[in-house]
Every structure is written in structure tokens, then in C-alpha cells.
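Since we're looking at a predicted model, the values are computed, not measured. Quick note: residue numbers are just sequence positions, from 1. Start at 1 and go down the list; that is how both ligands and their atoms are numbered.
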Amino acid sequence: MDDGACEVRLRSGAPVWIRQVRSTDAAELQRAFALMSEESQYRRFLTGTPRLTDSQAAYFTAVDHVDHEAYVAHSPQDETYIIGVARFIRYRSDPSEAELAITVADSWHGQGLATALVQVLRERAKEVGVKRFRAEMMADNEPVLRLLRSAGLTGETVTGEMVSGHIDLGEQGPPD
Ligand SMILES: CC(C)(COP(=O)(O)OP(=O)(O)OC[C@H]1O[C@@H](n2cnc3c(N)ncnc32)[C@H](O)[C@@H]1OP(=O)(O)O)[C@@H](O)C(=O)NCCC(=O)NCCS
């Protein structure tokens with residue numbers, strides 16, 4: 001089955017596999033979410049979400065790969081052990097744009113995994129006609145701001161404690 005699987009390298013050079021999410025990943029997604037710190041859970045969902053419910057897990061894994069796409073990262077040793085997820089969900093009001101969300105397991109932070117996931121998701125989004133990612137995050141979420149700025153985040157707008165912005169997918173991130 002072609003599930004978009006590819007090997008990527010972390011900053012250390014260590015290999016990690018990325019593939020499209022499967023409906024059979026629901027329980028694993030719940031396990032991975034339960035292991036995240038409260039801060040990471042809050043930053044991802046912008047609300048206190050102590051556990052991923054069965055219906056949330058089903059929604060996050062029953063993707064159609066066109067309007068809703070998600071890639072998971074797993075270690076080469078165990079393809080069912082998820083360590084990161086990146087997804088886009090298209091806006092019904094404007095299908096050329098999609099909301100971007102990303103999460104990496106706390107113990108894997110700072111190694112370049114989110115950077116790799118965003119790159120893979122970006123290529124897939126372009127294939128299916130998404131032209132722009134939109135993202136909303138807490139203004140103090142430095143890791144995701146750095147991640148998305150490197151990916152070309154622009155139009156940043158601060159509203160209270162939140163920042164929103166977009167990434168035009170035809171463009172690469174800013175030069176170093
Ligand atoms: C945001 C998140 C996905 C980043 O994942 P990651 O795999 O650690 O990211 P990377 O290692 O690819 O690094 C991406 C950028 O963040 C920076 N970064 C990583 N950890 C950081 C930290 N603790 N403090 C500051 N910057 C940090 C990196 O230096 C890098 O910046 P650069 O592109 O300027 O070099 C991860 O922190 C996470 O899952 N957070 C909780 C959920 C969340 O906030 N999701 C975003 C809302 S949708």
C-alpha cells in the first residue's frame with residue numbers, strides 16, 4: 001500500500017519514518033497524547049484536554065487524504081509507535097486554504113522532527129491543490145513560531161494571547 005511513507009533525517013542524522021495516518025492508529029494516537037506534558041497538550045488544542053476521546057481519535061485518523069490529511073512519524077524500530085503528527089484540514093469556505101496543526105512527543109522535541117513533518121505535509125498539500133496553510137498558536141509558543149517562521153510564516157496577527165498567520169505553499173521558507 002502506498003501510504004506516502006518516506007525516511008527523513010533528524011538533525012543528528014538519525015533516521016525516522018513518516019507515513020500517512022491510518023484508521024488503525026486511533027488507539028496509538030490516544031496513547032501518545034496521554035504521554036504529552038500538560039503544556040504541550042494545551043499548546044496543541046488551546047484548551048485543557050486531558051485525554052483524546054474515542055471520537056476525537058476516530059476523527060483524527062479517518063482522513064480522506066485530500067480535504068483532511070495527516071502524517072505520523074514513528075521510529076524505524078516500530079511503525080506503530082507514533083512520535084509526531086502533522087495535519088491539515090481544508091476550510092470548506094475556501095478549499096485553497098487549510099488549517100495546519102502539528103505535535104511532536106515531548107521526548108523528541110528539538111531534534112528537527114516537526115521541521116521534517118511540515119516539509120512532507122507541505123509537499124502533499126501542494127499535490128492536492130492547497131495553496132496556503134493557516135495556523136493559530138499561543139503568542140508565547142516559541143518553538144512553533146520558530147518552526148513556522150522557518151517554513152515561511154507571514155501575516156502574523158496578534159489577538160490577545162494568540163497569534164495567527166499563514167504560509168504560502170508555493171514559496172520556500174526565508175533564506176538563512
Ligand atoms: C512545536 C513543536 C511541534 C516543535 O517540534 P520539534 O520537533 O521540537 O521542532 P523542531 O525540532 O523541528 O524545531 C523547530 C524550531 O523550533 C525551535 N525549537 C524547538 N524546541 C524549542 C524550544 N524548546 N524553545 C525554543 N525553540 C525551540 C527549533 O530551534 C527550531 O527553530 P529553527 O527552525 O529556527 O531552527 C513541539 O514543540 C510541540 O509538539 N509542541 C506542543 C504542541 C504545539 O505547540 N503544537 C503547535 C500548535 S498547532
Side-chain angles (χ1 to χ4, degrees), residues 6-19 21 25 28-52 56-57 59-61 63 68-76 81-91 97-125 130 132-167 169 171-176:
C6 62
E7 187 187 79
V8 298
R9 299 266 161 187
L10 300 178
R11 289 202 190 98
S12 64
V16 165
W17 279 89
I18 291 178
R19 62 165 169 79
V21 77
D25 289 324
E28 171 58 14
L29 223 54
Q30 288 175 304
R31 180 209 61 79
F33 183 79
L35 288 181
M36 285 165 59
S37 65
E38 279 184 29
E39 181 183 55
S40 290
Q41 291 178 342
Y42 192 86
R43 284 178 157 177
R44 166 62 183 87
F45 288 103
L46 309 175
T47 175
T49 309
R51 60 182 280 271
L52 210 55
Q56 284 174 315
Y59 173 71
F60 284 135
T61 50
V63 305
H68 183 176
E69 177 65 287
Y71 280 82
V72 296
H74 57 84
S75 78
Y81 193 89
I82 292 172
I83 56 176
V85 186
R87 76 179 62 247
F88 69 74
I89 301 174
R90 251 189 243 251
Y91 295 105
E97 301 192 0
E99 170 133 359
L100 168 69
I102 181 152
T103 314
V104 165
D106 288 52
S107 58
W108 289 78
H109 283 182
Q111 300 183 53
L113 182 52
T115 301
L117 277 162
V118 167
Q119 185 58 35
V120 171
L121 190 71
R122 173 186 200 126
E123 291 309 313
R124 175 63 185 164
V130 175
R132 176 176 280 187
F133 282 153
R134 289 195 176 275
E136 184 179 33
M137 59 235 111
M138 296 174 72
D140 66 357
N141 191 344
E142 191 63 29
V144 80
L145 281 166
R146 289 189 60 151
L147 169 75
L148 299 186
R149 284 173 184 153
S150 291
L153 185 72
T154 188
E156 286 183 43
T157 305
V158 179
T159 310
E161 295 181 337
M162 306 301 298
V163 182
S164 59
H166 63 266
I167 298 169
L169 301 188
E171 298 164 14
Q172 293 301 312
D176 292 333

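Near Thr115, meaning under 4.0 Å from any of its heavy atoms, are these atoms of ligand 1: 10 (P), 12 (O), 13 (O), 14 (C). If you number the atoms of ligand 1 from 1 as listed, the ones under 4.0 Å from a heavy atom of Gln111 come out as 11 (O). Interface of Gly110 with ligand 1, defined as ligand atoms under 4.0 Å from a residue heavy atom, comprises 6 (P), 8 (O), 11 (O). Residue Ser150 approaches ligand 1 through these ligand atoms, each under 4.0 Å from one of its heavy atoms: 32 (P), 33 (O), 34 (O). Within ligand 1, counting atoms from 1 as listed, the ones closer than 4.0 Å to a heavy atom of Ser40 are 41 (C), 42 (C).
The closest protein non-hydrogen atom to atom 11 (O) of ligand 1 is Gly112 N, 2.7 Å. Among all protein heavy atoms, the one lying closest to atom 31 (O) of ligand 1 is Arg146 NE, 3.3 Å. Here the heavy atom of the protein found nearest to atom 4 (C) of ligand 1 is Ala114 CB, 3.7 Å. Scanning the protein heavy atoms around atom 47 (C) of ligand 1, the nearest turns out to be Arg43 O, 3.5 Å. The nearest heavy-atom contact from the protein to atom 36 (C) of ligand 1 is His109 NE2, 3.4 Å. Protein heavy atom in closest approach to atom 16 (O) of ligand 1: Pro143 O, 3.1 Å.
Here salt bridge (charged side-chain N to carboxylate O under 4.0 Å, His left out) pairs that include residues 154-163, with residues two or more places apart or in two chains, are Arg149-Glu156.
Residues Arg87 and His68 have side chains that bring a donor and an acceptor to within less than 3.5 angstrom of each other. At a cut-off of 3.5 Å, with distance as the only test, no side-chain donor of Glu28 or Tyr81 sits close to an acceptor on the other residue. For the residue pair Thr61/Asp25, the side-chain donor-acceptor check at 3.5 Å is not satisfied.
By the criterion of a heavy-atom distance under 4.0 Å, the side chain of Asn141, and not its backbone, is placed next to ligand 1.
For atom 43 (C) of ligand 1, the nearest non-hydrogen atom from the set Ile102, Thr103, Val144 comes from Ile102.
In this structure, the side chain to side chain contact (heavy atoms under 4.5 Å, CB included) partners of Ala116, at least two apart in sequence or on a different chain, are Val8, Ile18.
Residue contacts with ligand 1 include Arg11, since one of its heavy atoms falls under 4.0 Å from the ligand. Residue contacts with ligand 1 leave out Met137, since none of its heavy atoms falls under 4.0 Å from the ligand.
Residue Leu117 comes nearest to Val85 through the heavy atom pair CD1-N, 3.9 Å, listed as atom of the first residue, atom of the second, then distance. Here the closest heavy-atom approach between residue Leu52 and residue Gln30 is recorded as O-NE2, 2.9 Å.
A cation-pi arrangement is absent between Arg124 and Phe88, since the terminal nitrogen or guanidinium carbon is not both under 6.0 Å from the aromatic centre and inside a 45° cone about the axis.
Taking only nitrogen or oxygen atoms, main chain and side chain alike, Val104 reaches within less than 3.5 Å of ligand 1.
When the shell of 6.0 Å around CD of Glu7 is examined, it contains more than 12 heavy atoms from other residues, nucleotides or ligands.
Residues Thr103 and Phe33 have side chains not in contact (no heavy-atom distance under 4.5 Å, counting atoms from C-beta outward).
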